[in-house]
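Step one of this worksheet: look at the structure below.
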Amino acid sequence: MPARQRRGGPTLTVEAASAYEFVVAIASLFEERDTMEVGAEWFADVEARAGADLLARLTAMSGGESDPWFYLISLVYASPAPRDVNSFLASLRKTDAHEITLTMLGYYERGYRRAAEPEVMRHAIEGDAEAQRELHHTYFAEWAEWQAFLDSVFERGPDATKAELISVLEAWQAAVWRVEEAKLMPILERDAEAKRALAAELPLERFTELATNGVEYLPRSGVREVVLTPTFVNRPWVSTTEYCDVDILTYPVADESVTAETDAPPLRLVRLSKALGDERRLRILRILGAGDKTLMELADLFEVPKTTMHHHMIALRSAGLVTLTSGSKRYRLRRDALPDVGELLRGYLGAATGPLAAPTPTTRSTRRRAPAPKGSAAAMPLDRRGPPDGPTTPLGPKPPSLHTPR
């Protein structure tokens with residue numbers, strides 16, 4: 001796995017491994033599908049192949065939430081190279097059941113550790129009733145789905161959780177992933193190769209902003225390694241997973257990595273058209289032109305719910321028009337990257353009159369919905385899990401996933 005040591009900073013690794021996308025694809029089933037670029041057709045196809053029984057088991061395994069699946073990214077990292085699905089599953093079989101269960105609960109996420117004491121989590125999964133009550137009270141008590149997930153984990157216990165997890169992952173591999181892997185791995189590997197070349201030329205902060213298409217990342221204190229792994233299924237989301245002294249960023253593959261020659265319009269032009277074809281988004285850009293804003297500040301200005309504004313910001317970030325800062329969670333207009341939409345359109349329309357204008361077969365790799373960031377609080381997509389407007393209090397609602405569309 002190619003890595004580069006930064007002077008005075010963490011090692012940077014860019015890795016395309018099938019086990020990462022294997023679990024991200026499952027997590028995507030429980031995400032906001034209307035924001036994802038892979039599209040409804042991909043979901044329908046995957047769910048048809050999975051079947052109702054497996055889908056029900058996947059839902060029960062995570063309480064219908066994406067976060068536990070994103071947290072598994074840290075266990076993919078902990079598995080041996082080449083981190084394909086078989087080596088990942090073999091590693092899981094050897095991993096302690098308590099470690100697997102804690103990981104799925106967000107044990108290694110800083111935001112989750114602020115909400116619940118690590119030792120309380122440990123005692124709770126071991127069956128301590130008092131610890132379970134305390135965890136319910138302090139661990140995102142107003143997030144009903146998460147509370148139900150906690151109950152299911154307590155009821156199953158670590159050994160049964162491990163056994164069922166491995167069983168559903170094996171079923172997902174057989175029913176769905178073997179087909180998807182053949183289509184997606186060439187895209188992921190192509191993008192990782194391009195990103196390694198880019199990483200060799202840029203500082204970490206600038207590289208991650210370009211790789212995520214607008215998400216600013218600063219390593220937390222004590223981070224030894226930063227791993228970037230590409231995703232096709234979860235585009236345009238960006239997710240961050242924390243595992244001990246390692247940060248793992250799941251970022252959306254670049255448009256040019258998705259397919260080779262095609263007569264389809266450039267994906268950048270499509271995103272820009274969608275982003276700029278909404279009056280409210282144009283007004284948001286104008287406001288950001290006067291200064292940075294948080295998600296809550298923008299929602300208040302337009303008198304809309306944060307979830308509605310979040311969708312608008314995903315579209316704008318995915319189109320490369322705004323940047324999301326990792327520390328202050330503020331959106332900023334990307335003045336240096338404002339595109340010439342007319343030039344993009346002229347280039348595409350002009351290509352239709354040239355010698356290569358004849359339609360060429362499109363290499364169709366199915367993909368799903370993805371604003372550039374998403375993952376957990378540990379795996380939280382920068383777009384997804386981390387609270388867009390600052391930390392969530394222990395008694396607060398579900399934290400926005402770190403899985404953030406960038």
Side-chain angles (χ1 to χ4, degrees), residues 16-59 61-62 64-66 69-70 72-73 85 168-169 171-191 213 229-239 250-260 262-268 270-271 273-274 311 314-315 318-319 361-375 379 381 383-384 401 403-406:
S18 62
Y20 286 119
E21 191 78 336
F22 173 71
V23 296
V24 168
I26 299 176
S28 71
L29 298 175
F30 306 102
E31 285 291 347
E32 304 165 62
R33 297 186 181 186
D34 58 336
T35 67
M36 300 176 76
E37 294 174 7
V38 72
E41 184 180 348
W42 183 86
F43 284 110
D45 178 55
V46 162
E47 290 183 338
R49 280 186 278 137
D53 179 65
L54 177 55
L55 291 174
R57 292 174 66 196
L58 290 168
T59 301
M61 188 77 243
S62 67
E65 293 293 303
S66 63
W69 300 111
F70 278 113
L72 286 180
I73 287 174
V85 175
V168 297
L169 290 179
W172 175 258
Q173 180 188 27
V176 175
W177 187 247
R178 288 200 174 105
V179 173
E180 294 303 305
E181 183 177 32
K183 294 185 289 185
L184 299 185
M185 284 312 297
I187 297 173
L188 302 179
E189 289 166 356
R190 189 158 56 236
D191 194 87
N213 194 24
T229 181
T231 178
F232 175 77
V233 173
N234 209 47
R235 297 172 81 209
W237 290 91
V238 172
S239 303
T250 305
Y251 71 91
V253 297
D255 295 344
E256 55 267 27
S257 299
V258 173
T259 183
T262 174
D263 65 340
L267 291 177
R268 178 159 169 72
V270 173
R271 287 198 196 92
S273 299
K274 290 180 178 178
H311 279 229
I314 287 172
S318 177
T362 320
T363 306
R364 174 107 198 286
S365 29
T366 13
R367 238 243 36 80
R368 155 222 153 270
R369 123 271 163 180
K374 208 176 188 181
D383 288 312
R384 185 182 82 70
S401 117
H403 187 75
T404 307
R406 297 196 189 332

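Not measured: the values here are computed from a predicted model.
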Nearest 0.5 Å please: distance from the OG atom of Ser62 over to the CZ atom of Phe70. 11.0 Å
What are the two closest heavy atoms between Val179 and Arg49, and how far apart are they? CB-NH1, 3.4 Å
Apply the side-chain contact (heavy atoms from CB on, under 4.5 Å) test between Phe22 and each candidate in Val176, Leu169, Leu184; give the one that qualifies. Leu169
Side chain to side chain contact (heavy atoms under 4.5 Å, CB included) between Asp34 and His311, worked out: CA-CA 9 Å; Asp34 58 336; His311 279 229; 3.2 Å; yes
Just verifying a value: how many Å separate Ser66 OG and Leu29 CG, rounded to the nearest 0.5 Å? 10.0 Å
Closest heavy-atom pair, Trp177 versus Ala25, reported as atoms and distance to 0.1 Å, is CZ3-CB, 4.1 Å
Hey, mind stepping through Arg33 and Glu47 against salt bridge (Lys or Arg N to Asp or Glu O under 4.0 Å) and telling me if it holds? CA-CA 13 Å; Arg33 297 186 181 186; Glu47 290 183 338; 2.6 Å; yes
Should the ring pair Phe30 and Trp69 be called parallel, tilted or perpendicular, given that the plane angle runs from 0 to 90° and is split at 30 and 60? parallel
Indicate yes or no for a side-chain donor-acceptor contact from Ser257 to the backbone of Val253 under 3.5 Å, with no hydrogens or angles considered. no
Looking only at non-hydrogen atoms, find the nearest pair between Ala16 and Leu188 and report the distance. CB-O, 3.6 Å
In Å and rounded to the nearest 0.5 Å, what is the CE to CH2 distance from Met61 to Trp172? 15.0 Å
So, Glu180 and Trp42: side-chain donor and acceptor under 3.5 Å apart, yes or no? yes
Rounded distance [0.5 Å steps], OH in Tyr20 versus CD1 in Ile73: 8.0 Å
Does a donor on one side chain sit under 3.5 Å from an acceptor on the other, for Asp191 and Tyr251? yes
Shortest non-hydrogen contact between Arg190 and Val258, atoms and distance: NH2-O, 3.6 Å
Inter-residue atom distance Thr250.OG1 - Glu21.CD, 0.5 Å rounding: 8.5 Å
Could you grab the distance from atom OG of Ser18 to atom CD of Glu181, nearest 0.5 Å is fine? 4.0 Å
